[in-house]
Number of protein chains: 2
Amino acid sequence: MKRKNGKISNAVIRRLPRYRRYLRELQKQGVEKISSNDFSELIGYTASQIRQDLNNFGDFGQQGYGYSVDGLYEEVSKILGLDHDYKMVLVGAGNLGQAISKYAMSIIDQGFQLCAAFDIKPELAGKKVEGITIYPYEELESYVSENQIDIGIICVNKGNAQEVADKLYSAGARGIWNFALVDLVVPEQVALESVHLADTLHSLAYHMNDIRRKSSGAEGKKK
Amino acid sequence: MKRKNGKISNAVIRRLPRYRRYLRELQKQGVEKISSNDFSELIGYTASQIRQDLNNFGDFGQQGYGYSVDGLYEEVSKILGLDHDYKMVLVGAGNLGQAISKYAMSIIDQGFQLCAAFDIKPELAGKKVEGITIYPYEELESYVSENQIDIGIICVNKGNAQEVADKLYSAGARGIWNFALVDLVVPEQVALESVHLADTLHSLAYHMNDIRRKSSGAEGKKK
DNA sequence: TAGATTGTTAATCGATTAACAATC
DNA sequence: TAGATTGTTAATCGATTAACAATC
């Protein structure tokens with residue numbers, strides 16, 4: 001992977017997993033090569049954008065031919081860091097936490113292993129969610145550092161999320177997958193990805209109402 | 001709410017739930033008014049952007065004074081369509097579906113009510129997830145139309161997601177909250193919000209590796 | 001070689017930020 | 001009224017798209 005210099009914009013990064021998904025589909029269908037034009041039609045980005053995006057990371061194509069599906073899939077996987085495994089812990093085994101842990105458990109085959117869960121409620125200690133033991137919150141830091149955990153999944157309520165993030169960092173975790181509805185502040189050595197589920201639902205609500213307004217107000221055309 | 005003409009960009013919409021969250025916090029703290037400058041410091045958008053964003057929807061502020069926290073909270077809620085309730089069904093009660101349903105159940109107080117779940121597996125019919133009955137998949141359309149369901153939550157595997165979306169639409173649902181890892185195509189009368197959890201995790205992996213590369217390659221400075 | 005298609009530079013578009021007149 | 005702060009226009013910045021020379 002011949003990485004070029006300069007910072008890659010986040011817009012590009014967010015498209016990479018999607019490129020990878022479509023490449024995987026093509027691979028399954030036995031397609032060997034694809035041109036940026038054909039790929040454009042499939043994935044819905046312009047051919048120009050596809051070439052620009054990929055060229056941030058190297059010259060993966062071949063003029064007059066296109067891109068090798070297998071090769072590009074491997075490259076994109078490598079760029080994303082999916083060529084090695086990640087150990088994760090879940091913090092907060094309440095409603096949302098149990099929900100997410102269920103999902104997290106199901107992607108071990110994709111290189112993400114959920115190793116343990118933690119909760120501040122003493123009565124949960126020793127119990128299991130989806131086969132994963134819940135430990136007392138006090139043991140979080142020692143567990144993370146001793147077991148070289150890479151990623152902490154934060155599912156505590158928003159008032160405690162920042163403290164959990166701080167603990168995860170000081171114990172050595174370098175990735176935080178945050179589901180608490182709060183905007184965390186983390187040192188630049190930590191990668192943070194927040195999934196604000198409620199925000200996405202609210203955004204959905206907006207669009208539903210926007211569509212309704214448009215269709216009902218089709219006659220009234222306000223200035 | 002004095003809506004101005006012209007299309008609002010999606011970037012703006014995605015910021016609205018965040019404005020609302022911070023306004024709620026301010027409200028709780030008993031803050032009565034806030035200027036775009038102070039709000040900027042709190043929320044991390046520029047004051048200019050805040051004023052631009054809000055002015056897409058109306059003149060909510062008062063020159064020389066600022067914005068009323070209560071008033072603006074109400075306005076943003078209304079813009080998002082959170083001044084009325086939504087009835088939802090879950091489709092796909094497998095791993096991810098049960099995970100999401102747990103979460104969906106917990107936000108009824110916020111105007112989102114999960115009414116029923118559906119699954120194609122006959123052995124799940126009649127069972128309950130989190131207090132919600134699972135019905136046979138065949139009954140999806142009749143249930144949605146009879147109960148005037150607004151939103152369908154899609155948690156089936158990607159091969160079936162498009163069919164589910166089509167059924168939800170034809171039965172009258174006008175919002176789709178999609179968790180299947182596929183890009184759905186829906187008529188423009190339907191609002192679609194996809195949460196590709198795996199994509200966010202992959203994006204997190206990228207950033208973790210990016211940080212690692214930078215710190216380890218700090219000496220090697222490639223051209 | 002001729003045709004196809006990339007890699008890359010230039011042009012365009014849209015979103016963010018800055019500036020300031022309007023006004024409370 | 002004077003000071004503060006919005007609403008809005010203009011300037012800047014960044015991301016997307018178009019164009020085309022390089023090259024397989």
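Numbers restart at 1 for each chain; the letters A, B, ... are given by sequence-line order, proteins then strands. Note that the coordinates shown come from a computational prediction; the quantities given were computed from them, not determined experimentally.
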Measure from [atom1] on [X] to [atom2] on [N] and round the result to the nearest Å.
{"X": "Gln49(B)", "N": "dT6(D)", "atom1": "CD", "atom2": "P", "value": "15 Å"}
{"X": "Phe60(A)", "N": "dC24(D)", "atom1": "CZ", "atom2": "P", "value": "17 Å"}
{"X": "Asn56(A)", "N": "dT6(C)", "atom1": "CG", "atom2": "C1'", "value": "15 Å"}
{"X": "Arg14(B)", "N": "dT16(C)", "atom1": "CZ", "atom2": "P", "value": "13 Å"}
{"X": "Ile50(A)", "N": "dT6(C)", "atom1": "CD1", "atom2": "P", "value": "9 Å"}
{"X": "Arg51(B)", "N": "dA10(D)", "atom1": "CZ", "atom2": "P", "value": "16 Å"}
{"X": "Phe39(B)", "N": "dA4(D)", "atom1": "CZ", "atom2": "P", "value": "22 Å"}
{"X": "Gln62(A)", "N": "dG7(C)", "atom1": "CD", "atom2": "P", "value": "10 Å"}

query: Crowded around Gln29(B) CD? As in, over 12 foreign heavy atoms under 6.0 Å?
result: yes
- prompt: Can the ring centroids of Tyr19(B) and Tyr45(B) be said to lie less than 6.0 angstrom from one another?
  reply: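 Distance test on ring centres: under 6.0 Å, yes.
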task: Quick one: the dot-bracket string of DNA chain D, using Watson-Crick and G-U wobble pairs with both distances under 3.5 Å, [ ] for crossing pairs and | for bases paired to another strand.
output: ..||||||||||||||||||||||
- request: Sorted by first residue and then second, give each side chain to side chain donor-acceptor pair (under 3.5 Å) pair with at least one member in residues 85-94 of chain A; sequence neighbours left out.
  value: His84(A)-Tyr86(A), Tyr86(A)-Asn209(B)
task: Classify the side chain of Gln52(A) versus the base of dT9(C) as yes if they form a donor-acceptor pair under 3.5 Å and no if they do not.
output: yes
field: Side-chain donor/acceptor of Gln63(B) to base of dT23(C), under 3.5 Å
entry: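 Flag unset: no donor-acceptor pair detected.
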query: Do Glu32(A) and Ser68(A) have side-chain atoms, one donor and one acceptor, less than 3.5 Å apart?
result: no
- prompt: When the nearest nucleotide of DNA chain D is assigned to Asp38(B) and to Asp53(A) on a heavy-atom basis, which residue is associated with the more 5' position?
  reply: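 Closest to the 5' end, via its nearest nucleotide, is Asp38(B).
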message: On DNA chain D, does the nearest nucleotide to Gly64(A) precede the nearest nucleotide to Asn10(A) from the 5' side, or the other way round? Give the residue.
response: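 Counting from the 5' end, the first nearest nucleotide belongs to Asn10(A).
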query: Within the structure, does a side-chain N or O atom of Arg15(A) lie under 4.0 Å from either OP1 or OP2 of dT16(D)?
result: yes
message: If you compare every side-chain N and O of Ser36(B) against the phosphate oxygens of dT5(D) (OP1, OP2), does one of them come in below 4.0 Å?
response: no
Ring-face cation contact, Tyr65(B) with Lys33(B), 6.0 Å cut, 45° max: yes
query: The side chain of Ser48(B) lies closest to which of these nucleotides: dT6(C), dT17(D), dA18(C)?
result: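 Per side-chain heavy atoms of Ser48(B), the pick is dA18(C).
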task: When you get a sec, tell me which of dG7(D), dT17(C), dT8(C) is the closest nucleotide to the side chain of Thr46(B)?
output: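 Closest nucleotide among those given: dT17(C).
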- request: Indicate, with a heavy-atom threshold strictly under 4.0 Å, whether Tyr67(A) touches base, sugar-phosphate, or nothing.
  value: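 The answer is sugar-phosphate, as Tyr67(A) gets under 4.0 Å only of primed atoms, P, OP1 or OP2.
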- request: With Asp199(B) as reference, evaluate Arg21(A), Arg18(A), Arg15(A) under the salt bridge (charged side-chain N to carboxylate O under 4.0 Å, His left out) test and give the passing residue.
  value: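 The option that passes is Arg21(A).
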- request: Please determine which of Leu90(B), Leu192(B), Ile153(B) meets the side chain to side chain contact (heavy atoms under 4.5 Å, CB included) test together with Trp177(B).
  value: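 Filter result, single survivor: Ile153(B).
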